Amino acid sequence: MSTFIPTPSCPQLTPPAVRFMGRLFLINLEGRIYTCKFCHTHLASYEDILSKTFHCRHGKAYLFNKVVNVSPGETEERHMMTGLHTVADIFCVGCGSIVGWRYETAHEKDQKYKEGKSVLERYKVSGPDGSNYRINNGAHIGGSDADDI
């Protein structure tokens, strides 16, 4: 169950956030949720996790079936560990921080399951129990993606 919570206007506005009479309405999730580490805007539900085996430049990342309260950036081609993908960075609509990326197109047949799914970088979100993930200094710098699911 989701409810709408009004917040002050935000210049980065794309669905699912809705502007009504100059105010930004965010989706408020219930249950075990992941929130933006910086402004605590709700981003995803624990139940929507598809995989916890993804990696980004700073450590762990989780693949989600659905995320909310994010705004997509420009799409670009990225060479990741599992091949070429068309992706868009996603930004928290509450504070504008980059929180992950969305897979628009997977060019490899066995990676098509990622299309339309989003990845949240674990160190940029707070977990359902309020925990924060620290940056892994030994993380791979060259790319981001899952080894397998």
Side-chain angles (χ1 to χ4, degrees), residues 1-20 23-78 80-133 135-136 139 143-149:
M1 170 103 187
S2 299
T3 57
F4 290 102
I5 304 293
T7 64
S9 284
C10 178
Q12 294 178 309
L13 180 69
T14 60
V18 177
R19 188 179 299 276
F20 181 72
R23 295 189 64 131
L24 178 67
F25 288 83
L26 301 174
I27 293 175
N28 184 29
L29 301 171
E30 294 180 3
R32 299 174 63 189
I33 60 169
Y34 287 86
T35 62
C36 175
K37 175 177 163 179
F38 306 103
C39 70
H40 308 293
T41 296
H42 293 190
L43 298 175
S45 172
Y46 179 83
E47 288 76 26
D48 284 319
I49 293 176
L50 296 174
S51 175
K52 291 184 177 183
T53 63
F54 280 59
H55 301 280
C56 64
R57 292 183 184 136
H58 300 89
K60 291 183 178 182
Y62 296 167
L63 179 69
F64 286 85
N65 188 46
K66 179 177 75 171
V67 297
V68 297
N69 301 323
V70 296
S71 175
E74 295 292 321
T75 59
E76 64 181 4
E77 301 289 320
R78 286 190 196 157
M80 298 182 168
M81 289 189 288
T82 57
L84 181 65
H85 299 276
T86 304
V87 299
D89 287 334
I90 53 176
F91 301 85
C92 172
V93 296
C95 66
S97 296
I98 185 171
V99 292
W101 68 91
R102 176 181 168 88
Y103 288 101
E104 300 298 332
T105 307
H107 299 282
E108 303 291 329
K109 188 176 180 180
D110 66 335
Q111 299 298 307
K112 292 288 187 186
Y113 73 93
K114 295 177 183 175
E115 291 181 351
K117 310 295 189 282
S118 298
V119 173
L120 294 179
E121 298 181 26
R122 189 60 184 94
Y123 87 103
K124 294 184 179 180
V125 298
S126 294
D129 58 359
S131 65
N132 288 319
Y133 180 80
I135 293 176
N136 178 358
S144 52
D145 213 350
D147 291 326
D148 55 68
I149 187 162

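None of these values were measured; they are calculated from a predicted model.
With sequence neighbours left out, His107 forms a side chain to side chain donor-acceptor pair (under 3.5 Å) with Glu77, Thr86.
Under the 3.5 Å distance criterion, the side-chain polar atoms of His42 are left unmatched by any main-chain donor or acceptor of Asn28. With hydrogens and angles ignored, the 3.5 Å screen pairs no side-chain donor or acceptor of Asp89 with any backbone N or O of Gly73. Although no hydrogens or angles enter the test, the distance criterion places a donor-acceptor pair under 3.5 Å between the side chain of Lys112 and the main chain of Ala106. Under a 3.5 Å cut-off, the side chain of Ser51 and the backbone N or O of Thr53 do form a donor-acceptor pair. Side-chain atoms of Arg102 do not come within 3.5 Å of backbone N or O of Pro72 as any donor-acceptor pair.
Summarising the geometry, atom CZ belonging to Arg122 is positioned 8.0 Å from atom NZ belonging to Lys52; distances are rounded to the nearest 0.5 Å. Atoms CG and OG1, from Leu43 and Thr35 in turn, are 6.5 Å apart once rounded to the nearest 0.5 Å. Here the straight-line distance linking atom CD of Glu47 with atom NZ of Lys66 works out to 10.5 Å at 0.5 Å rounding. In this structure, Cys92 SG and His40 NE2 are separated by 10.5 Å, a value rounded to the nearest 0.5 Å. The CD1 atom of Ile49 sits 9.5 Å away from the CG atom of Leu63 when rounded to the nearest 0.5 Å. One finds the SG atom of Cys36 at 10.0 Å from the NZ atom of Lys124 (value rounded to the nearest 0.5 Å).
Of all heavy-atom pairs spanning Thr75 and Ala88, the tightest one is CG2-CB, 4.0 Å. When all heavy atoms of Phe91 and Gly96 are compared, the closest pair comes out as CD2-O, 3.4 Å. Closest of all the heavy-atom pairs between Glu121 and Ala61 is CA-CB, 4.1 Å. Summarising the geometry of Lys114 relative to Tyr103, their closest heavy-atom pair is O-CB, 3.1 Å, with the distance given to 0.1 Å. Of all heavy-atom pairs spanning Ser45 and Phe64, the tightest one is O-CE2, 3.6 Å. Of all non-hydrogen atoms in Cys56 and Trp101, the two that sit nearest each other are CB-CZ3, 4.0 Å.
For the side chain to side chain contact (heavy atoms under 4.5 Å, CB included) criterion with Val67, the lone passing option out of Leu120, Val119, Asp48 is Leu120.
By the neighbour-count criterion of 12 heavy atoms within 6.0 Å, atom OH of Tyr46 is sparsely surrounded, having that number or fewer from other residues, nucleotides or ligands.
Two residues are said to be in side-chain contact when any heavy atoms from C-beta on lie closer than 4.5 Å; Arg78 and His85 fail this criterion.
Comment: Glu115 does not engage Lys117 in a salt bridge, judged by the lack of any side-chain N to carboxylate O separation of less than 4.0 angstrom.
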Discussion item. With side chain to side chain contact (heavy atoms under 4.5 Å, CB included) as the criterion, how do Val99 and Val70 come out once you've worked through the C-alpha distance, each side chain's angles and the decisive distance to 0.1 Å?
Written reply: CA-CA 8 Å; Val99 292; Val70 296; 4.2 Å; yes
